[in-house]
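Comments concern the structure below.
Each residue takes its place number in the sequence, starting with 1. This structure is a prediction, so every number in the text was calculated from the model and none was measured.
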Amino acid sequence: MAVLQFAEDLTDRQVAAMAVRAVGWKYALGSELTDTGFDASALSTFRARLADNGVERAVLDPLFEHCEDAGLEMAGASSAPTPPM
């Protein structure tokens, strides 16, 4: 879920809505088509639990790096423009 949120640069509420209505998201998340989703606050609770245990960077950074290495475009990533040669 974090990868999809970061890739599309969405808020927690937008992610919760996409998990309910977007078939592609349901497929990627392994959800049933009839899945009713979750409360958006679950995402911030998850991130808070990671931070409370000091593992947020250790968990999320390698995940995002792997996605970028695989060629996935990440809308939430800030990228500096490439200087002209």
Rounded to the nearest 0.5 angstrom, the CG-CG distance for L10 and L4 is 8.5 Å
Hydrophobic cluster (4.5 angstrom, side-chain heavy atoms) - remaining members for Y27
none
Can you list every pair that meets salt bridge (Lys or Arg N to Asp or Glu O under 4.0 Å) and has a residue in residues 41-50, with sequence neighbours left out?
D12-R47
Which pairs, with at least one residue in residues 26-43 and sequence neighbours excluded, count as a salt bridge (Lys or Arg N to Asp or Glu O under 4.0 Å)?
none
Verify the cluster assignment for L43 and L29: are they in a single hydrophobic cluster under the rule of side-chain heavy atoms below 4.5 Å apart?
yes
Taking V59 as the starting point, is it possible to reach F64 by hopping between hydrophobic residues whose side chains are less than 4.5 Å apart?
yes
Would you list the pairs meeting salt bridge (Lys or Arg N to Asp or Glu O under 4.0 Å) in which at least one residue belongs to residues 50-59, sequence neighbours left out?
R57-D61
Once side chain to side chain contact (heavy atoms under 4.5 Å, CB included) is applied, do any residues pair with A42, and if so which ones, sequence neighbours excluded?
F38
Going by atom type alone, with no hydrogens or angles, which donor-acceptor pairs under 3.5 Å involve a side-chain atom of residues 13-24 and a protein atom two or more places apart or on another chain?
unit_1	atom_1	unit_2	atom_2	d
Q14	OE1	T11	N	2.7
Q14	OE1	T11	OG1	3.3

When rounded to the nearest 0.5 angstrom, what distance separates CE in M1 from CZ in F46?
10.0 Å
Can you give me the closest heavy-atom contact between Q5 and W25, atom names plus distance?
N-CH2, 4.2 Å
